[in-house]
Amino acid sequence: MRKSALLTCSLVLALAAGAEAAPLNLTLNPSPDITSQFIDLSYVAATDSLSVDGYNVTIDDDNAGPLIDFDDAFTALNFNIDATVDDFGNASAGTLSVSGDLTSSLGISGLLLTGDLVLFGFDSQDPGSGLDFFEFVFEVTGGQMATFQYFGTPGSFVGVIYDPFENVFDGTWGSSFSSFNNGSSHTDLAPVPIPEPATLSLMLLAGVSLLRPLRRR
């Protein structure tokens, strides 16, 4: 899974600005970490609609033991992202929904995690390189794993890195594109490190102050 440069001040300032397009270079916490596979991607340019759907397969709940398999792996499309992305790659809305059966291992099943999109990024490499990727940050809104033990209570942040494992678009959003049933495609979902609340509040205020002059132009 792709876990790259540290998520720092740039993320916090971007959260103040809204969901904007650029590579985020997310760092995801090592656990809890849900891996989904066989991801279907669809972008319809006419409606600015982006959807990412797949199968939740494993979870690393403690970064200590072996990966835990979902009891219903590959039986239902239970990982879903829906977002609105304009012609410039800016996301104005989006939701995350994760469900599944972990009864035999963690004693929970059903709707595990939901979230609202606050940040979106992407990168497109040379055609045929297979190095495209999409990044999302969601504010947790609910679900059985929206707890301190797992992904954090509502208001916490989780990141998703989606690797289609093929070149699916050229970096522009003026035309539709899709990728279906690629066995190598996967998403990685885990909490993202965010500054403690007092620091976060100060940085958000700073970000809003920096943005105000730009909005008057």
Check: So, the side chain of Asp62 versus the backbone of Ala64: is there a donor-acceptor pair under 3.5 Å, distance only?
Finding: yes

Note to self: Within the 4.5 Å heavy-atom criterion, are Val160 and Phe138 side-chain neighbours or not?
What the structure shows: yes

Note to self: With side-chain contact (heavy atoms from CB on, under 4.5 Å) as the criterion, how do Asp71 and Leu102 come out once you've worked through the C-alpha distance, each side chain's angles and the decisive distance to 0.1 Å?
What the structure shows: CA-CA 6 Å; Asp71 297 339; Leu102 293 166; 5.5 Å; no

Margin query: Please determine whether side-chain contact (heavy atoms from CB on, under 4.5 Å) holds for the pair Ile39 and Asp53, giving the CA-CA distance in whole Å, both sets of side-chain angles, and the decisive distance to 0.1 Å.
Written below: CA-CA 5 Å; Ile39 308 299; Asp53 301 284; over 6 Å; no

Margin query: Using only atom types and a distance under 3.5 Å, with no angle test, would you say the side chain of Gln144 pairs donor to acceptor with the backbone of Ser109?
Written below: yes

Next item on the list: May I ask you to check whether Thr114 and Thr141 show a side-chain donor-acceptor distance below 3.5 Å?
Entry: yes

Next item on the list: May I ask whether Val158 and Leu111 are part of the same hydrophobic cluster, defined by side-chain heavy atoms of I, L, V, M, F, W, Y residues being less than 4.5 angstrom apart, directly or through others?
Entry: no

Check: Do the non-hydrogen side-chain atoms of Val52 and Phe134 ever get within less than 4.5 Å of each other?
Finding: no

Margin query: For the backbone of Leu113 and the side chain of Tyr150, can you confirm whether one donor and one acceptor N or O come within less than 3.5 Å of each other?
Written below: no

Next item on the list: Let me see the working for Phe74 and Phe38 under ring-ring contact (aromatic ring centres under 6.0 Å, His included), right down to the final yes or no.
Entry: CA-CA 9 Å; Phe74 301 116; Phe38 289 94; 5.5 Å; yes

Check: Where the side chain of Asn78 meets the backbone of Asn56, is there a donor-acceptor pair that is under 3.5 Å apart?
Finding: yes

Next item on the list: Would you mind reporting whether Pro191 and Phe151 have side-chain heavy atoms less than 4.5 Å apart?
Entry: yes

Notebook entry, point to check: Is there a side-chain contact between Phe136 and Leu117, using heavy atoms and a 4.5 Å cut-off?
Noted result: yes

Checklist line | hydrophobic_cluster_shared for Phe79 and Leu106, side chain cutoff 4.5 Å | finding: yes

Checklist line | Side chain proximity check, Leu41 to Tyr162, heavy atoms < 4.5 angstrom | finding: yes

Notebook entry, point to check: For residues Asp33 and Ser31, is any side-chain donor paired with an opposing acceptor at under 3.5 Å?
Noted result: no

Check: Heavy-atom distance under 4.5 Å between the side chains of Asn29 and Pro193, does that happen here?
Finding: yes

Next item on the list: Give the C-alpha distance, both sets of side-chain angles, the deciding distance and a yes or no for side-chain contact (heavy atoms from CB on, under 4.5 Å) between Thr153 and Phe148.
Entry: CA-CA 6 Å; Thr153 56; Phe148 287 112; 3.7 Å; yes

Margin query: Before you tell me yes or no, could you show the steps for Leu28 and Leu189 under side-chain contact (heavy atoms from CB on, under 4.5 Å), namely the whole-Å CA-CA distance, both residues' side-chain angles and the distance that decides it to 0.1 Å?
Written below: CA-CA 8 Å; Leu28 303 183; Leu189 185 157; over 6 Å; no

Next item on the list: Keeping the roles fixed (side chain from Asp163, backbone from Thr187), state whether a donor-acceptor pair exists under 3.5 Å.
Entry: no

Check: Does any non-hydrogen side-chain atom of Val98 lie less than 4.5 Å from one of Ile34?
Finding: yes

Margin query: Please report the interatomic distance CE(Met145) to CG(Leu112), rounded to the nearest 0.5 Å.
Written below: 6.0 Å

Note to self: Assess the residue pair Phe88 and Trp173 against the criterion (ring-ring contact (aromatic ring centres under 6.0 Å, His included)); give the C-alpha distance rounded to whole Å, side-chain angles, the decisive distance to 0.1 Å, and a yes or no.
What the structure shows: CA-CA 6 Å; Phe88 301 99; Trp173 297 82; over 10 Å; no

Notebook entry, point to check: Should the ring pair Phe120 and Phe122 be called parallel, tilted or perpendicular, given that the plane angle runs from 0 to 90° and is split at 30 and 60?
Noted result: tilted

Check: For the atom pair CD (Gln149) and CG (Asp61), what is the distance rounded to the nearest 0.5 Å?
Finding: 8.0 Å

